[in-house]
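Numbers here are sequence positions counted from 1. It should be emphasised that the depicted structure is a prediction, and the values quoted were computed from it without experimental measurement. When a ligand or atom number is given, it counts from 1 through the structure's own listing order.
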Amino acid sequence: MVWLTLLTVLMTDTAPPPPDSHLALDDVARVVEPKGPIQCPKIALVSYRGDVIRYASPLRVNADFRDRLRRFEAVVRETAVEVYGRAPSQITHLGSFNCRRIRTWPDYLSEHGLGNALDVSGFVFPPLPRRAQAPVDLPRQLTRGFRVRIDPDWQGTDGAAALHARFLHTLTQRLVARLDIFRVMLGPAYPGHKNHFHFDCAPWRIVEI
Ligand SMILES: [Zn+2]
């Protein structure tokens, strides 16, 4: 039944992972016993603070996923400069490596258990630098430092919150279009993800943001 559920989701996805981006972890089995203690495969992990944009605390991820995160940070920077006139100083998150099952599919190891996933909760922006060109529609209060949070800003409809919603939605649209970054992207549209984006590089593609 669980398998059928997973298959159903896999068959409704938008595209398979691109064949030219085979990752070492694609060959690692994800199936585990649905109950009892689990052992995660021994994957070499690196500590990563973020090269283009810093993470609020260091991540523990596998090296292939770190390379994908660099590309992710570049998309964050580009989108943020367009919307706010500067890049965020930090990406806030709810964790990277964590040896556990997928909550809704206990027969499967979570990609977090392979250091192959990140839960992003928001972004911290510094004050607008003096020489930066502010976008014409930037609300005055956003020339100071501020935070963007998936919850509640994903749903923002007025003023600064509407701009935050535009930033978050534009960012995720660009990430979905980039088949060379993440394969699984879950967000508020997916149960249990009201306050964060889950990004991973499992050997299948699921997009529910
Ligand atoms: Zn996650």
Backbone N or O of [Y] within a donor-acceptor pair of the [X] side chain at under 3.5 Å?
X	Y	value
Ser89	Val124	yes
His193	Pro191	yes
Thr79	Val76	no

Heteroatom of [X] nearest to the Zn ion (ligand 1) (N, O or S, atom name):
X	answer
Asp119	OD1
His198	ND1
His112	NE2

Nearest-0.5 Å distance that lies between atom CZ in Arg71 and atom CG in Asp51 | 13.0 Å

